[in-house]
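These notes concern the structure reproduced below.
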Amino acid sequence: MCGRYSDEGTTVAELAERFDAQPKLESFAPSANIKPTHTAPVVVMESGRRELRGMQWGLIPAWAKDPKIGYKTFNARAETVAEKPAFRQAFKQQRCLVPARAFYEWLSENGRKGPYLFSLEDNELFAFAGLYDVWTTPGGDPLYSYTIITTTPNDLVERVHNRMPVMLAPQAEAVWLDAKVTDPLALRSLLAPYDASLMAVQRYDGKL
DNA sequence: CCAGACGTTGTT
DNA sequence: GTCTGG
DNA sequence: CCAGACGTTGTT
DNA sequence: GTCTGG
């Protein structure tokens, strides 16, 4: 990852202004540009501040013998994330924000599948609720990786798909990142479908 | 006890 | 690392 | 999803 | 073409 950005209490949306100065802004959206095993900037707390760190999509638990597990851990279900061996440790201690401006879901219509683009109505940057972990490569280097938590869809997304990524409102971002918050129920309550009235959807006809 | 899993979608 | 299934 | 395999026997 | 593994 290139730059280091840190700001105590800064929301992902507020960080967007700085990101906009970066040429890779589009890569923030887990879309055509970011796929499992690709690296993207993720927000974590370090020394009490928000920092950006490049991480590979597909969480590889620290105990993994084979990093290929990351192919199957690009999402974590909100319903079970606190218990699953691959995620529970990260759920307690390694929560992160995954900045994005939009996400895609595919709808099957008359035999054809087409992507729909979901974003905030104001097209602002937002954060997916994520978890990360650090794996040690055979060479002894740390490999950071992350997952995006999914939950049931709101009324808007439900028309297209049976799951949706957890999007955090700005005030929820701080709670999610706060290491002092340990109550599983409090954390779980953040993993809800986003307010559909704040979202927009459009059929996506561009090239993915 | 030991071996094997550990996960989610379904174009993200 | 920890749990589950055999 | 996409990439890659696409086979058999073996202590049956 | 279809299934499986990643």
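Protein chains get the first letters and strands the later ones, always in sequence-line order, with residue 1 at the start of each.
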Pairing residues for [X] by the side-chain contact (heavy atoms from CB on, under 4.5 Å) criterion, not counting sequence neighbours:
{"X": "A/Thr151", "value": "A/Ala78, A/Met164, A/Val166, A/Pro193"}
{"X": "A/Ser47", "value": "none"}
{"X": "A/Asp122", "value": "A/Leu120, A/Glu124"}

Rounded to whole Å, please give me the gap between [atom1] in [X] and [atom2] in [N].
{"X": "A/Lys84", "N": "B/dT9", "atom1": "NZ", "atom2": "P", "result": "11 Å"}
{"X": "A/Ile60", "N": "B/dT8", "atom1": "CD1", "atom2": "C1'", "result": "15 Å"}
{"X": "A/Ile148", "N": "B/dT9", "atom1": "CD1", "atom2": "C1'", "result": "13 Å"}
{"X": "A/Phe87", "N": "C/dC3", "atom1": "CZ", "atom2": "C1'", "result": "16 Å"}
{"X": "A/Glu83", "N": "B/dA5", "atom1": "CD", "atom2": "C1'", "result": "17 Å"}
{"X": "A/Arg77", "N": "B/dG10", "atom1": "CZ", "atom2": "C1'", "result": "13 Å"}
{"X": "A/Leu59", "N": "B/dT12", "atom1": "CG", "atom2": "P", "result": "20 Å"}
{"X": "A/Glu105", "N": "B/dT9", "atom1": "CD", "atom2": "C1'", "result": "10 Å"}

Can you find a side chain N or O atom of [X] that sits less than 4.0 Å from OP1 or OP2 on [N]?
{"X": "A/Arg163", "N": "B/dT8", "answer": "no"}
{"X": "A/Thr73", "N": "E/dG6", "answer": "no"}
{"X": "A/Thr150", "N": "B/dT9", "answer": "yes"}

Can you check the distance between [N] and [M], where both ends of the measurement are the [atom1] atom (answer in whole Å)?
{"N": "B/dG10", "M": "D/dC2", "atom1": "C1'", "value": "12 Å"}
{"N": "E/dG6", "M": "B/dT8", "atom1": "C1'", "value": "13 Å"}
{"N": "D/dG7", "M": "E/dT4", "atom1": "C1'", "value": "15 Å"}

Output all residues satisfying salt bridge (charged side-chain N to carboxylate O under 4.0 Å, His left out) with A/Lys65, sequence neighbours left out; order by chain, then residue number.
none
Residues in salt bridge (charged side-chain N to carboxylate O under 4.0 Å, His left out) with A/Glu158, at least two apart?
none
Dot-bracket, DNA chain D: Watson-Crick or G-U, under 3.5 angstrom, [ ] crossing, | other strand?
||||||......
Rounded to the nearest 0.5 Å, how far does CD1 of A/Ile60 lie from CG of A/Asp133?
9.0 Å
